[in-house]
Amino acid sequence: MNDPLILLHGFSQTTASFEPLRTALADHGMATEAVDLPGHGTGSGPGRLVTGDLWTGADEIATDRRGVWLGYSMGARLALHVALAHPEAVTGLVVIGGTAGIDDPAERAARRASDSALADRIERDGLDPFLHDWLANPLFATLPEDPDRIRRRATNLATGVASSLRRWGTGTMDPPLWGRLAEIEAPTLVLAGSLDEKFTVLGHRLAGGIGANARFATVDAAGHAAHSEQPEEVAHLIADWLPTLPSLPSLPI
């Protein structure tokens, strides 16, 4: 399997969040390309803002790329859209801590309203106060100690991060993708941390919805950000799965 793993990070992160995983994947001989998503890092877009929805993001990021797409959280939402909109660009799919959306319309609307209010706060108060509160969320309680975590995320622009919440938040998947998962033809590996009960349930549902070409696995002793908490174990799971992918012809030059 010679295609690179194309790595799509989570909300408020940058490509730097993948450094431990990239090191572990390199130890298994796997090439990677980490991408700063719109609204984050050096991600493209006017004023480094997210200017379109997840479908637009999928169109833009899939241009001139083909490989195994790995997405975490927000990046997983984008990777699912790439797999549906541009199957020719996807030789494999890895989803970490992902969901296909919120089923209930009222809950989706409430999530959009909540994310919009949070985006307003980020723009009003700045990124640093938000990041301290965000990373204190129980979802991230099992992350290893990292004194530089906030500093790395603070390289983002408050306006960019806010725009990603408004346009790429979970509530914007309207309708959600659950009814379309069976359209995903690419071999798929769905991962969730064993300590992340919510996304373990969602991960099982994702793999079941995609079908026989999907496999679900838990990452032992990891929470939501399993690739950051147990990068060697995640790399090992991916390395065991990659040989099951079919060999495809190279793209014409």
Side-chain angles (χ1 to χ4, degrees), residues 5-22 24-25 32 34-35 37 39-40 54 57-58 68-83 92-103 111 115 118 131 134-144 146 149 152-153 161 164-165 168-173 176-178 181 184 186 188-210 214-238 241:
L5 279 96
I6 303 165
L7 310 181
L8 310 180
H9 61 74
F11 169 67
S12 81
Q13 294 184 331
T14 67
T15 56
S17 68
F18 280 121
E19 288 174 2
L21 179 61
R22 295 184 81 178
L25 291 169
T32 58
V35 183
L37 298 181
H40 299 76
L54 283 160
V68 178
W69 295 76
L70 181 154
Y72 159 64
S73 197
M74 180 185 75
R77 296 195 287 275
L78 181 58
L80 288 169
H81 283 76
V82 171
L93 180 66
V94 181
V95 175
I96 302 175
T99 179
I102 300 170
D103 292 298
R111 179 61 178 269
D115 284 349
L118 184 54
L131 288 174
W134 178 252
L135 292 171
N137 189 309
L139 200 64
F140 308 117
T142 53
L143 279 171
D146 180 358
R149 183 174 290 118
R152 284 197 300 271
R153 294 186 187 223
V161 171
S164 74
L165 260 183
W168 287 9
T170 307
T172 67
M173 300 167 77
L177 301 181
W178 295 110
L181 293 178
I184 296 177
T188 302
L189 177 64
V190 182
L191 300 177
S194 63
L195 304 177
D196 186 0
E197 296 180 5
K198 174 181 177 180
F199 281 87
T200 294
V201 172
L202 289 170
H204 276 291
R205 185 180 175 191
L206 271 171
I210 294 170
R215 178 192 301 178
F216 174 80
T218 55
V219 182
D220 290 338
H224 186 58
H227 64 295
S228 295
E229 299 175 39
Q230 300 291 345
E232 292 83 6
E233 175 63 15
V234 169
H236 176 75
L237 289 167
I238 294 171
W241 167 76

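For reference, positions follow the sequence shown, starting with 1. Below, all heavy atoms of this structure are taken into account, side chains as well, without hydrogens, waters or symmetry copies.
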Next item on the list: Using the test side-chain contact (heavy atoms from CB on, under 4.5 Å), find all partners of P20 that sit at least two apart in sequence or belong to another chain.
Entry: P231

Next item on the list: Applying side chain to side chain donor-acceptor pair (under 3.5 Å), name anything that partners R215, two or more places apart in sequence or on another chain.
Entry: none

Note to self: How long is the straight-line distance from NE2 of H9 back to CD1 of I96, given to the nearest 0.5 Å?
What the structure shows: 14.0 Å

Check: In chain order, what residues pass the ring-ring contact (aromatic ring centres under 6.0 Å, His included) check against W134, with sequence neighbours excluded?
Finding: F11, F130, F140

Margin query: Any non-hydrogen side-chain atom of T32 less than 4.5 Å from a side-chain atom of L21?
Written below: no

Note to self: Do L70 and L189 have side chains that approach each other closer than 4.5 Å (heavy atoms only, starting at C-beta)?
What the structure shows: no

Checklist line | Contact check, side chains of T15 and L7, non-hydrogen atoms, under 4.5 Å | finding: no

Check: Once you round to the nearest 0.5 Å, how far does CG of L78 lie from OG of S164?
Finding: 11.5 Å

Margin query: Does any part of the side chain of L237, heavy atoms only, come nearer than 4.5 Å to the side chain of V94, both counted from C-beta?
Written below: no

Next item on the list: Could you tell me the separation between the CZ atom of R77 and the CG atom of L8, rounded to the nearest 0.5 Å?
Entry: 12.0 Å

Notebook entry, point to check: Any sub-3.5 Å donor-acceptor pair from E233's side-chain atoms to D220's backbone N or O?
Noted result: no

Notebook entry, point to check: Should W241 and L191 count as side-chain neighbours, where that means a heavy-atom distance under 4.5 Å?
Noted result: no

Next item on the list: Quick one: which residue pairs count as a side-chain hydrogen bond (donor to acceptor under 3.5 Å, both in side chains) with a foot in residues 194-204, not counting sequence neighbours?
Entry: D196-H224

Next item on the list: Quick one: list whatever passes side-chain contact (heavy atoms from CB on, under 4.5 Å) with T142, sequence neighbours left out.
Entry: L195, E229

Notebook entry, point to check: Is any side-chain heavy atom of R153 less than 4.5 Å from a side-chain heavy atom of L135?
Noted result: yes

Item checked: Worked verdict on H81 versus M173 for side-chain contact (heavy atoms from CB on, under 4.5 Å) -> CA-CA 10 Å; H81 283 76; M173 300 167 77; 4.0 Å; yes

Checklist line | Partner residues of A76 under the side-chain contact (heavy atoms from CB on, under 4.5 Å) criterion, sequence neighbours left out | finding: V95

Notebook entry, point to check: Within 45 degrees of the axis of the six-membered ring of W178 and under 6.0 Å from its centre: does R205 put its NZ or CZ there?
Noted result: yes

